[in-house]
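One structure is given here, and the rest of the page talks about it.
It should be emphasised that the depicted structure is a prediction, and the values quoted were computed from it without experimental measurement.
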Amino acid sequence: MALMLIILLVLLVYSLFFLRSAYSYWQKRGVYTFRPTPPFGNAIDLVLQKEAIGVNIQKFYQRCRKERIPFAGYYLLTKAIFVPIDVELIKRICTTDFDHFTDHIGHVDEKNDPLSTYLFNLKGDRWRTVRSLMSPSFSHGNVKRCCETVLKYAEQLKVLFGGMVGNLEGVNVKEACERYTTDVLISFTYGIEAGFLVDANSVFKKYVELVFGAGWKQSLRLMLNIIFPEMYSLLKLKVFDDDLARFFTDLVFQRGGGKIDDTRRDVLHNLTHAGSKNDLSMSEIVGQCFGLFLAGTETTSTVIAFTLFALASDEDAQEKARSEVVKALGKHQAITYEVLKGLDYTDNCISEAMRTFPLAPINTRICSKAYNVPNSSVTLEKGTNVFIPLQGVYMDPQYFPDPERYNPERFAEDNTENDTSVFSPFGLGKRQCIGKHIESFCTKVKTTFHRLPTRNTANQGGHCCAINQFQVYSPSGFSVAN
């Protein structure tokens, strides 16, 4: 008994010493920080899942802005993270001084966790090589060539919505949009028909839920991947489970069974041919294809849903966007790639939805070599994690007056009241999203196809808008109910 008490006492003393040492990291380096709450650091509500990471970092950003400091130190549990507050410093980290911040935070293990090898996670020279091999698949020309396919799926989604509107239990707009983006991304990436829009019980339903489910296990995995990515390799842990890995690996190998149209020139086709000449392993090909599904399906469907929600809540904006589309169709008779490119106000509506409801509330970087923070005596050590507070910037009235209000006019070319140069939904610099053109294209196609009734729109607490006899709900998803 006495021995057990001694062991417990030693562990307690060690834990207190460890926490004291961990929470003095930024103070020792002359970086401003707020007093952490052991063992949660500055993230108690985030760790307890009372608020999302974007909200947590936004509050941290706002506290820093009140103190008028250009950067600060943040603790996620005991992990020390550097948070740039000044937008010029953010731009330098992502562009001018990119060589010091080349990588994103994340675990990569080709052998034990092949799905972790997607482009966003890759580091250093390997990231550069793989990105160069993937770039041709995302050229304007290739996106233009897939226009007919995207329009086909948009028509199917239009039919799906039309059949659901009379449902008294409501229409889950977010789920329907997810089915649309799944079909588009699977076709664009693998060259196969997912059939999710025409079959709600498609095999893809299971795997969409596995990838994007919000259960505590997946939340814990993703948090540990940010805080202790090295632990995954050390203990041979996996961010994604084996069932998911088998499914997306099988999609790649279906080509051998003749199920993929080799004339489509989809991403898988391009990677397979490029990989044979550039030592791209099959695990990396699997990882890149999965990464496109991971990065494009949920984000694009959410942008569409938020844009429809915002336009349903703003009759003037919706009518102006619709007038732009009608005018364009009057000239060209049909929706084409060129027509979509010319819909400037519709672009503004989508951009404002992405600002108001940011899909990537933070961006991450790893300091790849020692960095002297400009206009200070602070030096970041190699390996320091960085959180870029995008949501905080987007909701800062200095850059976007009355930031909570949805206002597409912010992005008009002649608008000087808003600083849209700080808006970067697809990232800044060389690490910006490689698939931004196809994602923007899919979003604009669906936005031009769908029109919600708008008369008597009323906002009810930011979660529900009554529109004629319809309602659009947005607590955990979107529904249109009669």
| said: One pair to check against side-chain hydrogen bond (donor to acceptor under 3.5 Å, both in side chains): Ser368 and Asp103. What are the steps and the verdict? | reply: CA-CA 7 Å; Ser368 51; Asp103 302 330; 5.7 Å; no
| request: Determine, stepwise, if the pair Val445 / Tyr180 fulfils side chain to side chain contact (heavy atoms under 4.5 Å, CB included). | output: CA-CA 11 Å; Val445 166; Tyr180 161 70; 4.0 Å; yes
| Residues Met354, Thr443; criterion side chain to side chain contact (heavy atoms under 4.5 Å, CB included); working and verdict | CA-CA 11 Å; Met354 289 193 287; Thr443 303; over 6 Å; no
| task | Under the ring pair (Phe, Tyr, Trp, His ring centres under 6.0 Å) rule, what do Phe188 and Phe138 come out as? Steps first, then yes or no, please. | result | CA-CA 10 Å; Phe188 180 78; Phe138 297 92; 5.5 Å; yes
Below 3.5 Å, can you tabulate the donor-acceptor pairs from side chains in residues 114-123 to any protein atom, sequence neighbours excluded?
unit_1, atom_1, unit_2, atom_2, d
Ser116, OG, Asp109, N, 2.9
Ser116, OG, Asp113, O, 2.6
Thr117, OG1, Pro114, O, 2.7
Thr117, OG1, Ser283, O, 3.4
Asn121, ND2, His107, O, 3.2
Asn121, ND2, Ser116, O, 3.2
Lys123, NZ, His104, O, 2.5
Lys123, NZ, Gly106, O, 3.0
Lys123, NZ, Asn121, O, 3.1

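For Arg431 and Phe98, the positive end is not near the middle of the six-membered ring at less than 6.0 Å and at most 45° from its axis.
The shortest side-chain heavy-atom distance between Arg128 and Thr102 falls under the 4.5 Å cut-off. Taking the side chain as every heavy atom from C-beta outward, Ile388 and Thr364 never approach each other to under 4.5 Å. By the 4.5 Å heavy-atom criterion applied to side chains, Arg126 and Thr129 are counted as neighbours. A 4.5 Å side-chain heavy-atom check between Glu298 and Val208 finds every atom pair outside the cut-off. No side-chain heavy atom of Glu338 sits less than 4.5 Å from a side-chain heavy atom of His332. The closest side-chain heavy-atom distance from Lys79 to Ile81 is below 4.5 Å. Asn418 places none of its side-chain heavy atoms less than 4.5 Å from the side chain of Phe411. Looking only at side-chain heavy atoms (C-beta outward), Thr420 and Phe400 come within less than 4.5 Å of each other.
Residues meeting the side chain to side chain contact (heavy atoms under 4.5 Å, CB included) test with Ala353, sequence neighbours left out: Thr307, Tyr406. Lys152 is linked by a salt bridge (charged side-chain N to carboxylate O under 4.0 Å, His left out) to Glu193, counting only residues two or more places apart in sequence or in another chain. For the salt bridge (charged side-chain N to carboxylate O under 4.0 Å, His left out) test, no residue two or more places apart in sequence or in another chain qualifies with Arg145. Partners of Lys436 by side-chain hydrogen bond (donor to acceptor under 3.5 Å, both in side chains), not counting sequence neighbours, listed by chain and number: Gln432. Residues that satisfy the side chain to side chain contact (heavy atoms under 4.5 Å, CB included) test with Glu51, not counting sequence neighbours, are Asp45, Val55, Asn56, Lys59. Shown here are the side-chain hydrogen bond (donor to acceptor under 3.5 Å, both in side chains) partners of Asn201, two or more places apart in sequence or in another chain: there are none. The side chain to side chain contact (heavy atoms under 4.5 Å, CB included) search around Ser421 returns Lys91, Asp419, not counting sequence neighbours. With sequence neighbours left out, Val87 forms a side chain to side chain contact (heavy atoms under 4.5 Å, CB included) with Val393, Tyr399, Val422. Partners of Gln288 under the side-chain hydrogen bond (donor to acceptor under 3.5 Å, both in side chains) rule, at least two apart in sequence or in another chain, do not exist in this structure. Remark: Arg365 engages no residue in a salt bridge (charged side-chain N to carboxylate O under 4.0 Å, His left out) (not counting sequence neighbours). Residues satisfying the salt bridge (charged side-chain N to carboxylate O under 4.0 Å, His left out) test with Arg131, not counting sequence neighbours, are none.
The aromatic ring centroids of Phe247 and Phe204 lie less than 6.0 Å from each other. Ring centroid separation for the pair Phe441 and Tyr337 comes in under the 6.0 Å cut-off.
Of the candidates Leu390, Val386, Ile53, Ile53 is the only one forming a side chain to side chain contact (heavy atoms under 4.5 Å, CB included) with Ile362. Paired with Pro408 under the rule side chain to side chain contact (heavy atoms under 4.5 Å, CB included), one option of Asn415, Asn348, Asp316 passes, and it is Asn348. Partner Thr346 forms a side chain to side chain donor-acceptor pair (under 3.5 Å) with one of Lys320, Lys444, Glu324 and no other, that one being Glu324.
Ring pair Phe60/Tyr74 is perpendicular by interplanar angle, where above 60° counts as perpendicular and below 30° as parallel. In this structure, Tyr394 and Phe423 have tilted ring planes: the angle between them lies in the 30° to 60° band. Ring geometry for Tyr207 versus Phe248: interplanar angle over 60°, hence perpendicular rather than tilted (30 to 60°). Between Phe357 and Phe309, the ring planes lie perpendicular to each other; the angle is over 60°, past the 30° to 60° tilted range. Between Phe290 and Phe240, the ring-plane angle classifies as perpendicular under the 30° and 60° cut-offs.
With no hydrogens or angles considered, no side-chain donor-acceptor pair links Glu178 and Thr297 at under 3.5 Å.
The main-chain N or O of Gln58 is never found under 3.5 Å from a side-chain atom of Gln391 such that the two would form a donor-acceptor pair.
For Gly427 against Asn363, the heavy-atom pair with the smallest separation is CA-ND2, 4.0 Å. The heavy-atom pair separating Asp266 from Gly191 by the smallest distance is OD2-CA, 3.4 Å. Pairing each heavy atom of Ser202 with each of Ala194, the nearest pair is OG-O, 3.3 Å. Among all heavy-atom pairs drawn from Leu197 and Ala176, the shortest one is CD2-O, 4.1 Å.
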